[in-house]
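Just so it is clear, the model here is predicted, and its values are computed rather than measured.
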Amino acid sequence: MRKGLLSVEELCKKCQDILKKTRVLNMYVNETDPEQLSKNLQASSQAYAQEAAKCLEGIPVSFKDAFCTSDMPTTCGSKMLLNYTPPYDATMVTRTQENGAIVIGKTNMDEFAMGSGSLDGCHGPVMNPWNFAVLPAADRHVQGANNVSEDTLSVEPGDWFISGGSSGGSAAAVASGSCLASFGSDTGGSTRLPASFCGVVGLKPTYGLLSRHGLIPLVNSMDAPGIITKTVEDCSIVLNAVAGHDVMDSTTVVESYKPFEIQEDIDLSKLHIGIPKEYHGPGLSGEVLRLWQDTADNLEKAGARVTQVSMPHTQLCITCYHVLCCCEVASNMARYDGIEFGLREGSEESTEELYAASRHQGFNDVVRSRILAGNFFLLKRNYEKFFLKAQRVRRLISNDFKNVFRSGVDVLLTPISLTDAPRYRWFANQDNHTRCEEQDVLSTPANMAGVPAISIPLSLSSQGLPLSLQLIGPHFSESSLLTVAGWLEREAQFPYLNLDALGLNEEALRR
């Protein structure tokens with residue numbers, strides 16, 4: 001666009017065409033008003049014409065529906081907030097727009113980000129765009145996949161691959177090509193897991209590097225805005241545009257953020273890669289294990305020092321995570337009472353009845369169960385046994401990372417998911433809690449410690465689906481982490497999904 005080879009309007013139209021053709025995937029829940037979109041496009045075009053374009057000028061981006069937007073509803077995938085339009089924008093929204101980005105819509109998610117499949121939101125499930133490349137034409141259509149009602153959900157649909165959660169809509173949007181970048185949230189892997197299933201790059205930055213202001217919270221002590229792009233370089237560009245201190249978020253770092261560029265001439269002989277043996281656990285597929293081993297071998301052949309390390313408290317992470325998650329959920333969900341904003345049900349003559357009816361109608365079973373569990377853990381008789389003990393275990397998990405990095409390890413190389421993208425029928429035959437315990441086991445440790453982690457697609461499985469690995473680094477090591485990720489990306493030459501190359505028109509996609 002700087003060279004005049006492509007206009008802002010042409011790029012945005014291309015993304016919108018893909019968005020319209022792939023509505024069956026149910027990736028978006030709200031789209032920017034066409035009149036406002038046209039004004040934004042004109043402003044970006046004028047900026048290029050005047051050679052005043054900013055780093056994200058004219059780039060179509062989307063946001064998970066947990067980020068507050070003043071010009072679109074923010075529902076968090078819940079009936080509780082279906083009628084809620086915030087009076088302000090989240091800091092991530094503001095900073096992307098200040099840098100010229102074009103926000104084209106809000107993406108689908110699990111209700112209040114509680115899930116690992118993007119199946120449990122009130123807007124219905126999100127399908128993986130790789131279904132178009134993998135499944136035969138007869139299986140591509142899922143009746144009711146878009147705008148699914150409760151009645152439709154009770155009917156078993158055709159089999160298809162899930163996008164992962166809870167930021168499944170954001171990952172699917174980038175993978176399909178309907179936007180060039182998307183923001184998710186990452187509390188226990190909710191950016192990296194769907195990124196791995198959809199074959200895109202997913203970054204969870206260091207806790208405090210990106211502002212959480214305007215991101216509706218799940219677990220305040222672990223939530224981090226996540227960046228999803230197709231390439232590592234794109235990820236670094238977006239990170240540079242939005243990172244840094246925010247006066248509206250007291251948990252952001254005060255130190256000035258220094259933008260960086262990925263170095264292609266990396267000297268791997270100075271790199272020490274750690275392979276945590278505890279990440280080779282039950283359920284890890286043979287294909288993921290081989291990719292992990294082959295990648296470690298390739299790094300070693302290229303000059304890096306690769307050694308096995310131990311992180312003994314990793315096995316306690318998922319149980320510890322769920323205790324702390326439920327406790328903070330119980331606190332955060334207390335604000336949704338039907339009084340100030342959101343759904344209001346029940347008799348207004350009884351405050352207690354109003355609370356009960358509003359929360360029963362507004363929350364699904366997953367949210368209600370976590371609220372109940374959290375309140376149980378926080379009872380006076382249980383507080384020491386559950387909450388405080390989980391906090392102590394979290395400190396041990398964090399210390400595992402500190403000890404490994406102090407020993408000289410620069411980056412940890414691990415799997416991010418146990419398998420490639422699961423099929424819907426398999427995933428849905430167990431409850432949300434069980435699937436979260438299975439899917440999040442490799443991703444939650446980084447959130448517990450607040451360290452940065454990135455998921456990179458490197459290969460295809462025997463089903464033709466993406467397989468990814470994860471890099472984890474010390475606090476504020478995003479520069480070196482993305483540099484190593486860029487090297488792996490160049491070596492792998494991953495075949496990103498290209499719906500145009502499949503020769504599918506709108507009618508074929510609908511079928």
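- For Pro60 against Cys12, the heavy-atom pair with the smallest separation is CG-CA, 4.3 Å.
- Phe63 contributes atom CZ, which lies 12.5 Å from atom OG of Ser167 (distance to the nearest 0.5 angstrom).
- Annotation: side chain of Tyr28 is in contact with side chain of Ile104 (closest heavy-atom distance under 4.5 Å).
- Under a cut-off of 6.0 angstrom, the local environment of CZ in Arg395 is sparse, with at most 12 non-hydrogen atoms contributed by other residues, nucleotides or ligands.
- Atom-to-atom distance recorded for Phe401:CZ and Arg406:CZ is 14.0 Å, nearest 0.5 angstrom.
- Ring pair Phe363/Phe112 is perpendicular by interplanar angle, where above 60° counts as perpendicular and below 30° as parallel.
- The salt bridge (charged side-chain N to carboxylate O under 4.0 Å, His left out) search around Arg435 returns Glu438, not counting sequence neighbours.
- Here the closest non-hydrogen pair linking Phe161 and Val134 is CE1-CG1, 3.8 Å.
- Separating the OG1 atom in Thr187 from the CG atom in Leu215 is a distance of 7.5 Å, to the nearest 0.5 Å.
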field: Verdict with reasoning, Leu418 to Val288, per side chain to side chain contact (heavy atoms under 4.5 Å, CB included)
entry: CA-CA 7 Å; Leu418 297 173; Val288 174; over 6 Å; no

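- A distance of 10.0 Å separates CZ in Arg305 from CG in Asp410, rounded to the nearest 0.5 Å.
- Within the 4.5 Å cutoff, side-chain heavy atoms of Ile216 are placed close to those of Leu81.
- Heavy atoms from other residues, nucleotides or ligands lying under 6.0 Å from CD of Glu278 number more than 12.
- Not counting sequence neighbours, His313 has no partner by the ring pair (Phe, Tyr, Trp, His ring centres under 6.0 Å) test.
- Taking the charged nitrogens against the carboxylate oxygens, Asp365 and Arg368 do have a contact shorter than 4.0 Å, which makes a salt bridge.
- Formation of a donor-acceptor pair under 3.5 Å by the Ser443 side chain with backbone atoms of Gly188 is found in this model.
- A side-chain donor-acceptor contact under 3.5 Å links Asn26 to the backbone of Pro125.
- Remark: side-chain polar atoms of Ser269 are not paired, donor with acceptor, to backbone N or O of Ala304 under 3.5 angstrom.
- A donor-acceptor pair is defined here as one N or O able to donate and one able to accept, closer than 3.5 Å; such a pair exists between the side chain of Glu287 and the backbone of Ser462.
- The distance from atom OG1 of Thr295 to atom CG of Leu467, rounded to the nearest 0.5 Å, is 10.0 Å.
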task: I would like to know whether Leu396 and Met448 meet side chain to side chain contact (heavy atoms under 4.5 Å, CB included); could you show each step before the answer?
output: CA-CA 10 Å; Leu396 295 175; Met448 303 287 278; over 6 Å; no

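- Within the 3.5 Å criterion, the main-chain N or O of Phe427 finds no donor-acceptor partner in the side chain of Gln430.
- For the salt bridge (charged side-chain N to carboxylate O under 4.0 Å, His left out) test, no residue two or more places apart in sequence or in another chain qualifies with Glu261.
- Contact detail for Ser196 and Pro466: the closest heavy-atom pair is O-CB, 3.6 Å.
- Side-chain atoms of Lys64 and Thr191 include no donor-acceptor pair closer than 3.5 Å.
- The nearest pair of heavy atoms linking Ala90 to Phe67 is CB-CD2, 4.0 Å.
- Taking 4.0 Å as the cut-off between side-chain N and carboxylate O, Lys301 and Asp297 do not count as a salt-bridged pair.
- A 4.5 Å side-chain heavy-atom check between Leu460 and Pro495 finds at least one atom pair inside the cut-off.
- The shortest side-chain heavy-atom distance between Ser455 and Val201 does not fall under the 4.5 Å cut-off.
- In this structure the side chain of Ile162 reaches within 4.5 angstrom of the side chain of Tyr424, judged on heavy atoms.
- A distance-only check finds no donor-acceptor pair linking the side chain of Lys204 to the backbone of Asp223 [under 3.5 Å].
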task: With side chain to side chain contact (heavy atoms under 4.5 Å, CB included) as the test, would you mind laying out the steps for Phe183 and Val61 before giving the verdict?
output: CA-CA 8 Å; Phe183 281 79; Val61 302; 5.5 Å; no

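- With sequence neighbours left out, the side-chain contact (heavy atoms from CB on, under 4.5 Å) criterion links Leu372 to no other residue.
- Annotation: side-chain hydrogen bond (donor to acceptor under 3.5 Å, both in side chains) contacts involving residues 104-118, sequence neighbours excluded, comprise Asp65-Lys106, Thr69-Lys106, Thr74-Lys106, Ser78-Glu111, Thr107-Ser170, Glu111-Asn364, Ser116-Asp440.
- Using modelled atom types, one side-chain atom of Asn99 and one backbone atom of Ala241 make a donor-acceptor pair closer than 3.5 Å.
- Asn298 and Glu491 share no side-chain donor-acceptor pair at under 3.5 Å.
- Every residue meeting the salt bridge (charged side-chain N to carboxylate O under 4.0 Å, His left out) condition with Asp186, not counting sequence neighbours, appears here in chain and number order: Arg192.
- Contact between Ile416 and Ser468 at its shortest, heavy atoms only, is CG2-O, 3.8 Å.
- Taking CG of Leu239 as the start and CG of Leu203 as the end, the distance is 6.0 Å to the nearest 0.5 Å.
- Between Phe197 and Thr419 the shortest heavy-atom distance is CE2-O, 3.7 Å.
- Here the side chains of Ile275 and Gln293 are not in contact, with every heavy-atom distance at 4.5 Å or above.
- Asn128 is not listed as a side-chain neighbour of Trp160, based on a closest heavy-atom distance of 4.5 Å or more.
- With hydrogens and angles disregarded, no donor-acceptor distance shorter than 3.5 Å links the side chain of Asn30 to the backbone of Gly105.
- Contact annotation: the side chain of Pro445 never approaches that of Met311 to less than 4.5 Å [non-hydrogen atoms, C-beta and beyond].
- For the residue pair Asp234 and Thr229, no side-chain donor N or O sits within less than 3.5 Å of a side-chain acceptor on the partner.
- Ser417 places no side-chain N or O within 3.5 Å of a backbone atom of Leu193 that could act as its donor or acceptor partner.
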- request: Starting from the C-alpha separation in whole Å, work towards a yes-or-no answer on side chain to side chain contact (heavy atoms under 4.5 Å, CB included) for Leu469 and Ile456.
  value: CA-CA 6 Å; Leu469 292 179; Ile456 322 109; 5.6 Å; no

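- A donor-acceptor pair under 3.5 Å is absent between the side-chain atoms of Ser477 and the main chain of Ser480, judged by distance alone.
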